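Before any comments, here is the structure.
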Amino acid sequence: MLPFIRSDLAQFTAYKPHPSSNTAQGVQPSTQIDRLDTNESPYDLPPQIKEKLAGTFEQLIETNRYPDGGHEELKSAIAQYVNESANLPPSVFTASHISVGNGSDELIRSILIASCLGGEGCVLVAQPTFSMYAILAQTLGIPVVTVGRKADFEIDLQAAQVAIEQTQNPPIRAVFVVHPNSPTANPLTTAELAWIRSLNEHILVVIDEAYFEFSQHTLAAELAQRPNWVVLRTFSKAFRLAALRVGYCLAHPELIAILEKVRLPYNLPSFSLAAATVALENRTLLLESIPQTLNERAKLIQALSQHSTLQVWQSATNFVYVRLKPNGSHSQDAAVKIIHQNLKATGTLVRQINGGLRITVGTPEENARTLNRLQAALLNLNKF
Ligand SMILES: *Cc1c(COP(=O)(O)O)cnc(C)c1O
């Protein structure tokens with residue numbers, strides 16, 4: 001360990017990104033890889049939008065100049081989209097309710113810096129959930145309090161309430177929930193909603209709506225009455241811009257002003273700002289693929305449910321979560337690992353997570369391959 005480095009960092013490992021090209025370790029080089037492990041859209045931007053962006057890059061972006069550090073144009077476009085998609089009058093959300101980040105990951109870090117840093121607070125998460133909350137908190141030296149979930153993946157609200165009441169020095173200052181959750185794909189239940197509404201205003205509630213376009217359910221309309229809530233969104237999923245790293249959050253202008261204080265001045269490259277703006281201008285076209293994804297999801301869940309060895313959950317997102325049903329003959333974790341490796345060797349990358357597999361809904365062709373390869377992997381498993 002380098003002597004000048006914070007001692008608590010010794011225990012961390014760097015985030016392992018998934019293969020960025022059509023290559024992955026342990027896969028035959030000629031195999032077409034289906035990347036169904038990070039919940040991106042299977043569809044690149046349509047060529048006419050790429051051409052438009054190429055024109056913007058050529059003619060409008062001066063690469064010798066810093067980007068627009070105020071993000072006003074993008075924030076106004078986001079506000080319009082948020083109002084429209086939540087059926088709100090056009091005046092409800094304005095640029096003052098929005099902050100944009102280099103992916104929502106950056107916003108998560110800003111929220112942690114603004115609420116819990118310096119020994120002032122802990123965060124609460126219910127596992128399994130999106131891993132970045134705990135990872136980013138830990139890199140900032142912020143303690144993470146963890147509670148579990150019930151069989152249907154609803155948060156163990158009793159345990160969560162006990163944690164809120166009993167955690168001291170420092171107390172819980174931020175609660176992270178995902179609506180719908182990753183990796184388990186379930187939206188917040190009535191009981192979970194009642195619980196986050198009941199939390200004291202000294203606690204920041206972060207509601208991550210990364211999958212809003214698939215669930216079509218948002219808590220944005222409630223933000224007006226909730227000064228301690230912040231809603232996170234991203235362009236990385238339904239809007240097909242994962243490569244360009246754009247996320248945003250919605251909150252009361254007073255909280256937004258604080259997040260603007262802690263962010264880096266030029267956090268978004270000009271090209272990313274332009275791409276997000278163009279994506280919003282063309283939202284009708286880009287979001288046209290959503291019904292197909294939902295249809296494919298239903299087919300995938302239906303087909304997976306035919307396997308007597310699999311436990312499959314409903315999904316309000318663009319991915320499905322499956323586990324192996326308990327079976328005396330082999331360890332579930334070992335079996336899931338074998339299936340994961342088998343899928344990878346045949347060219348389908350999925351995420352192995354919390355004793356199950358999280359499978360992104362891809363193109364119809366990819367989903368057909370997923371089912372075939374999974375079937376083969378399950379047959380293989382039965383030979384053990
Ligand atoms: C994919 C995802 C995000 C998006 O992160 P970006 O940094 O915007 O790419 C955020 N939250 C959850 C729960 C996700 O699954």
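These figures come from a predicted structure and were not determined experimentally. Atoms within each ligand, like the ligands themselves, are counted from 1 in listed order.
- Contact annotation for Ser236 and ligand 1: only side-chain heavy atoms (C-beta onward) come within less than 4.0 Å of the ligand.
- Proximity of the aromatic rings of His217 and His179 is defined here by a centroid distance below 6.0 angstrom, and this criterion is met.
- Remark: minimum distance from atom 5 (O) of ligand 1 to any protein heavy atom is reached at Ser104 OG, 3.2 Å.
- Heavy-atom separations between Asp208 and ligand 1 include at least one value shorter than 4.0 Å.
- Between Val246, Thr234, Asn39, it is Thr234 that holds the heavy atom closest to atom 8 (O) of ligand 1.
- Residue contact check for ligand 1: Phe235 places no non-hydrogen atom closer than 4.0 Å to it.
- Ring-centre distance between Phe176 and Phe130: not below the 6.0 Å cut-off.
- A centroid separation of 6.0 Å or more is found between the aromatic rings of Tyr81 and Phe93.
- Taking the six-membered ring for Trp and the full ring otherwise, Phe319 and Phe214 have centroids separated by 6.0 Å or more.
- Checking only distances, Tyr211 does come within under 3.5 Å of ligand 1, N or O to N or O.
- Not counting sequence neighbours, Glu213 has no partner by the salt bridge (charged side-chain N to carboxylate O under 4.0 Å, His left out) test.
- Hydrophobic clustering keeps Ile172 apart from Leu117 (ILVMFWY residues linked when any side-chain heavy atoms are closer than 4.5 Å, directly or through intermediates).
- Taking a cut-off of under 4.0 Å to the non-hydrogen atoms of Ala210, the atoms of ligand 1 that pass are 2 (C), 3 (C), 10 (C), 11 (N), 12 (C), 14 (C).
- Nearest protein neighbour of atom 14 (C) of ligand 1, counting heavy atoms only, is Lys237 NZ, 3.2 Å.
- Within the 4.0 Å heavy-atom criterion, the part of Val178 lying near ligand 1 is the side chain and not the backbone.
- Within ligand 1, counting atoms from 1 as listed, the ones closer than 4.0 Å to a heavy atom of Gly103 are 6 (P), 7 (O), 8 (O).
- Taking the ring centre of Tyr43 as origin, the terminal cationic atom of Arg240 falls outside the region bounded by 6.0 Å and 45° from the ring axis.
- Contacts of Arg245 with ligand 1, taken as heavy-atom pairs under 4.0 Å, involve the side chain alone.
- Considering all non-hydrogen atoms of both residues, Leu36 and Gly362 come closest at CD2-CA, 3.9 Å.
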